Amino acid sequence: MPVSTHCPYCALQCGMTVSREAEVEAGPGGLCRKGWTSAALLRSPERLTTPLVRDRKGGPLREATWDEALSRTTAAIRRAQQSGPDKVAVFGGGGLTNEKAYALGKFARVALKTPLIDYNGRFCMSSAAAAANRAFGMDRGLPFPLADLGEADCVLLVGSNPAETMPPFLQHLRRMQAAGGSVVVVDPRRTPTAEVAQLHLAPQPGSDLALALGMLFVAVDEGLVDKDYLAERTTGFEEANAVAASWWPARVERVTGVSEPDLRRAVRMLADAPRAMVLTARGAEQHAHGVATATAWLNLALALGLPGTPGSGWGTLTGQGNGQGGREHGQKADQLPGYRSISDPAARAHVASVWGVDEAELPGPGISAYELLDSLGTGPTAMLLFASNPVVSAPNARNVARKLQSLDFLAVSDLVLSETAALADVVLPTTQWAEESGTTTNLEGRVLLRRKAIDPPVGVRSDLEILHELASRLGCAAAFPTDPVDVFAELGAASAGGVADYAGITHARLAAGEQLHWPCPSTDHLGTPRLFLDRFATPDGRARFVAVDQPEDAEPLTEAYPLRLTTGRVAMQYQSGAQTRRIAELPGDAYVELHEDLAARLGVAEGDRVKVSTVRGEAWLAARVTDAIRADTVFVPFHWPGKKRANSLTGDWLDPISRMPAFKACAARIDRLPA
Ligand code: SF4
């Protein structure tokens, strides 16, 4: 009997069934090609089924028993801890189930007593999360069910390309378009999503904030602001508007490249729609000023009276499979379960009581993901890394790879030998999605049960088992259960009373088919599909405008580096590609996309080998020549390693609030390579 479960990849978490023979069937919402082919990795010859250890730095990895691998890991942790608990770091991933993310945060704070834990979701969601927390007092990617999109009259997508990154999402846009609704896309590329939009605005990468300010200017200029909503439900409009007042359309056009008629048309489309939504994604958020940019779009949505109004709203499209749940339960540097602050004495006392430890023993906040990676070797000398591949996915990746290699000890838990696992001293082979049960929280804040469908191969263990065993070998008295049902029950207790309150959600309720969006504080509570209908989660119940302005470029263009490089994803690959590059049915290779006018100027033809360079490094790529990108901008997908690695090029400037790196805009050049 096939088992109902969910796709292992993106935050849409499409439903599917998996048979004992590992055959996938789509659920009612359909699957994209990544979902259809996801079972291929379950029995891949590249699957790790035996722990690997390295006897000396630079030597080869060899097979080992679990006992040897865990003994080496425990000994290395103890060695590093002799110089202090902050000599050991933990790095997690947004693909981990809620149970694993929770257990990892607890393991770091209780078993290792280190403040140094963060995760790759910092690279993905942190700017929009910070903007939402500041404006609404709460961060849930979509504060309304995804299906509400299909009922909207206008949807503005900023820096989002769901036609490639999560194709089944488009059914909601098609539904609203079939009923007469319209889609506006903001993207420097004419992506497949922009192709289906009624209006496409193509600003220069990094100038989205100015575009949002210009749209607020127009909304005020044309009398489209919802004054009753501003008066009843918000604070701070005057300050935000005072900044927008200096972004008149001609100035916006000079900075962004978006014409005044298009700017005004976009604002009218949104303002005239009875139900309208503004949705941002990584294109708007992965900047050195990502929080300010997300805030500017949020300010526009507030000015038009959208957030907390039935059928309308502002949201952000989460990327990784458990990008939402993964940022709620404690693998973030500053956070305890339930989206609680680790600096809040009441939160510390509550969680410490659930964990059975003294509150005073809990460490304080650590540092953000890139700062953590950048500190390796000089700061922490040992690291445990779970379900992440920063050698490919981190910004300024050459620096990150060097820092990982400078560690005295690196242990990596993964299902394949990723580029990061290949640098490890110990590699721990783990179970994957269809071989274990656990929960994820999708982009609308709905908690989903991923059921176990097949037995894992002999020789692999779940991350929960690994953490249990390590904690025990380290002499930690606190419990680390291995059954996901027990871990989730503990997570519920730890989250009780927090912002992301899961106390009323159980595996049994999810298995019975209940659709539960958090917060869900008790087992007779039906969850909260729509947030903010009566009040926002701020102390006064009002949403907060925050005045933001377009900053200087983090890296201005120069004669040597005259092009704006932006990076992103393609339809056939997922994140660092560690999984999808190993699936034969997902074809494709790295490339650089450039405009035909730029190609002609450089003497580059379709398929030519070119070198893309920034001051940090270079990548050798095939040219893809198109008219679907700005002539001053080039695009490189980031799924490939080695000489094709986009993140050899990207910069490591961090947003001052979210510490999000700037993946979406840096200065680059292209040179044709000899044939
Ligand atoms: Fe999986 Fe995302 Fe594709 Fe759905 S859209 S099948 S969740 S990768």
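Please read these numbers as outputs of a predicted model, since none were measured by experiment. Keep in mind that the numbers below use all heavy atoms, side chains included, and drop hydrogens, waters and symmetry copies. Atoms within a ligand are numbered from 1 in the order they appear, just like the ligands themselves.
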Distance-only criterion, 3.5 Å: show the donor-acceptor pairs between side-chain atoms of residues 28-36 and protein atoms not counting sequence neighbours.
| unit_1 | atom_1 | unit_2 | atom_2 | d |
| --- | --- | --- | --- | --- |
| R33 | NE | E585 | O | 3.3 |
| R33 | NH2 | E585 | O | 3.2 |
| K34 | NZ | A571 | O | 2.9 |

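Checked by atom type, the side-chain pair N120/Q320 shows a donor-acceptor distance below 3.5 Å.
Below the 2.8 Å limit, atom 2 (Fe) of ligand 1 has as protein N, O or S neighbours C10 SG.
Under the rule for a side-chain hydrogen bond (donor to acceptor under 3.5 Å, both in side chains), the partners of T441 that lie at least two apart in sequence or sit in another chain are N98, Y502. Scored by the side-chain hydrogen bond (donor to acceptor under 3.5 Å, both in side chains) test, D139 finds R327, Y339 as partners (sequence neighbours excluded).
Classification of the F635-Y591 ring pair by plane angle, with boundaries at 30° and 60°, yields tilted.
Contact between T97 and G438 at its shortest, heavy atoms only, is CG2-CA, 4.2 Å.
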